[in-house]
Structure formats: C-alpha cells, structure tokens
Amino acid sequence: MTYALIAPPAAEPLTLAEVKAHLRLDGDDEDGLLTGLIRTAREHLERMSGLALISQGWRLYLDRWPDGPARIGKAPVRAIDAVTVYDAAGDAVSVALGGHVLDGEAMPARLMMAQNPATARAVNGIEIDFTAGFGTAVDVPDGLKRAMLTHIAQMFACRGAVAPENQPAVIPDGYERLVAPWLPRRL
C-alpha cells in the first residue's frame with residue numbers, strides 16, 4: 001500500500017496574518033520563515049495523524065483488492081475520483097464507479113466497490129484516486145489549527161538554534177492533547 005500526493009493543497013490552514021497575530025509580530029521581516037513554518041507544521045500534523053487538512057488529491061496503490069473494503073489511511077476522504085487497474089498487456093483500464101460505497105469519515109476510510117476489481121500486474125496494479133481533506137481553511141477544526149499555532153510558535157522560538165530544514169525539532173506541551181481526538185485508535 002503506497003500513497004502519492006497528486007494534487008497538493010491550494011492553500012494552508014492558517015494564514016500568515018493569523019500566525020503573526022498569534023505571535024504578536026508586526027512587520028514583515030520574518031514572513032518567509034513563518035510561511036515555511038506554517039507548511040512544516042501542516043505537513044508534520046498530516047504525517048503523524050493521517051489527516052489531510054485542506055482538500056488535496058491522493059493516489060493509493062494496491063497490489064490486489066483486499067477481501068472486503070479497501071482501507072484508505074488518509075482522512076477525511078471526500079470523494080473517490082477514479083479507480084484504475086492494469087490488464088495483462090499492462091494497459092490502464094478505468095473501473096466504473098457506479099454502485100461504490102464510501103465511508104469517508106471513518107479512520108481509516110473504507111471503500112466498497114459493486115464488484116471488486118482484479119489486476120494482472122503483480123505490484124501496484126490497482127490505483128485509487130481520491131480527494132481527502134476537510135475542505136478549505138474555514139473547515140479545518142479549531143483544535144487542529146490551535147495545535148499548529150502552538151507548534152509554529154515553538155519552532156519560531158527555536159529559529160536560531162534549529163535550521164528551518166531541520167524542523168520540527170520540538171513539539172510543544174499540550175500539542176498531543178489538541179490532536180489526540182483526531183488520531184487513529186490502535187487496539
């Protein structure tokens with residue numbers, strides 16, 4: 001099971017103005033750094049939680065269709081855009097999406113097809129293109145935005161000690177409590 005980002009988010013969940021207000025910064029001397037820290041905080045949160053904050057396009061590669069529903073480890077899944085399989089000649093064949101059922105709010109999301117597709121390719125023979133994310137920045141839950149703000153503030157405080165390319169170096173106290181409701185449950 002491999003994921004590839006095929007359409008990155010068009011915006012970030014936080015604006016530069018929101019971050020500057022949180023940090024009580026005037027002026028634009030640190031704007032470039034702050035923009036990078038916003039992206040780093042979002043990428044870290046998405047990577048550790050499996051969430052997609054802003055709508056973005058993903059492709060899931062499967063070797064074969066599982067028994068039962070296909071599980072999609074990004075959340076929330078808003079739409080299934082395409083399912084493609086590869087035939088014996090190696091040609092891509094689109095699978096009809098009629099009759100599919102998507103439980104996009106589950107973590108992981110579940111996709112049931114009217115008929116499970118089969119592939120002749122041994123590796124990555126099935127591709128599921130999907131849109132994941134809460135939508136736009138106004139749709140992102142406030143707790144996740146607050147977690148990002150605290151993380152950005154911590155990274156900003158460490159800006160002289162830790163280079164931007166080595167962030168995130170530290171996670172602030174309380175971060176885990178803010179994101180905990182959104183983390184996948186493990187048994």
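These numbers were taken from a predicted model, which means no experiment stands behind them. Side-chain atoms are counted along with the backbone in the values below, which use heavy atoms only and exclude waters and symmetry mates.
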Listing, residues 22-35 side-chain donor-acceptor contacts under 3.5 Å, not counting sequence neighbours, or none:
unit_1 : atom_1 : unit_2 : atom_2 : d
D31    : OD1    : K20    : NZ     : 3.1
T35    : OG1    : D31    : O      : 2.8

Identify every side-chain donor-acceptor pair in residues 174-182 under 3.5 Å, counting partners at least two apart or on other chains, and give the distances.
none

Report, one line per pair, each donor and acceptor closer than 3.5 Å where one atom sits in a side chain of residues 66-77; sequence neighbours left out.
none

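Between M113 and L97 the shortest heavy-atom distance is CE-CD2, 4.1 Å. Listed here is the closest heavy atom pair of A11 and I54: O-CG1, 3.7 Å. Summarising the geometry of A114 relative to G98, their closest heavy-atom pair is CB-O, 3.7 Å, with the distance given to 0.1 Å. Closest approach of M148 to I38, counting heavy atoms only: CE-O, 3.7 Å. T150 and A147 make their closest contact through OG1-O, 2.8 Å (heavy atoms, listed as atom of the first residue, atom of the second, distance). When every heavy atom of L53 is checked against every heavy atom of P13, the shortest pair comes out as CD1-CG, 3.7 Å.
By the side chain to side chain donor-acceptor pair (under 3.5 Å) test, T15 pairs with E18, sequence neighbours left out. Residues meeting the side chain to side chain donor-acceptor pair (under 3.5 Å) test with D139, sequence neighbours left out: T136. Judged as a salt bridge (Lys or Arg N to Asp or Glu O under 4.0 Å), and not counting sequence neighbours, the contacts of R59 are E127, D129. Residues that satisfy the side chain to side chain donor-acceptor pair (under 3.5 Å) test with N116, not counting sequence neighbours, are W65. For D63, there are no salt bridge (Lys or Arg N to Asp or Glu O under 4.0 Å) partners at least two apart in sequence or on another chain.
L183 is connected to L51 through a chain of hydrophobic side-chain contacts under 4.5 Å among Ile, Leu, Val, Met, Phe, Trp and Tyr, so both are in one cluster. Both L37 and M48 are part of a single hydrophobic cluster, where members link through side-chain heavy atoms under 4.5 Å apart. The hydrophobic cluster containing Y3 does not contain I6, counting ILVMFWY residues as joined when their side-chain heavy atoms lie under 4.5 angstrom apart, directly or transitively.
One distance of note links CZ of F130 with CH2 of W58; it measures 7.0 Å at 0.5 Å rounding. Note: R64 CZ to N124 CG = 14.0 Å, rounded to the nearest 0.5 Å. Distance CZ/R42 to CG/L144: 13.0 Å, rounded to 0.5 Å. The distance from the CG atom of L5 to the CD atom of E46 is 8.5 Å, given to the nearest 0.5 Å.
Sorted by first and then second residue, the salt bridge (Lys or Arg N to Asp or Glu O under 4.0 Å) pairs with a member in residues 141-152 form an empty list; sequence neighbours excluded. Identified under the ring-ring contact (aromatic ring centres under 6.0 Å, His included) test for residues 88-125, with sequence neighbours left out: none.
Applying the 4.5 Å side-chain rule to ILVMFWY residues, one finds V101 in the same cluster as M112. Clustering of Ile, Leu, Val, Met, Phe, Trp and Tyr side chains at separations under 4.5 Å leaves Y61 isolated, with no partner residue.
Between I126 and the choices V95, L62, T84, L60, the side-chain contact (heavy atoms from CB on, under 4.5 Å) rule is met once, by L62.
Side chain of Q56 to main chain of A132: no donor-acceptor pair is present (N/O by atom type, distance under 3.5 Å, no hydrogens or angles).
Few gaps surround CD on E43; more than 12 heavy atoms of other groups in view lie less than 6.0 Å from it. Taking a 6.0 Å sphere around CZ of R121, one finds it holds more than 12 heavy atoms contributed by other residues, nucleotides or ligands.
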R78 vs E105, salt bridge (Lys or Arg N to Asp or Glu O under 4.0 Å): CA-CA, chis, key distance, verdict | CA-CA 8 Å; R78 294 292 169 218; E105 296 298 324; 2.5 Å; yes
Check step by step if side chain to side chain contact (heavy atoms under 4.5 Å, CB included) holds for L111 and D103.
-> CA-CA 6 Å; L111 172 62; D103 180 4; over 6 Å; no
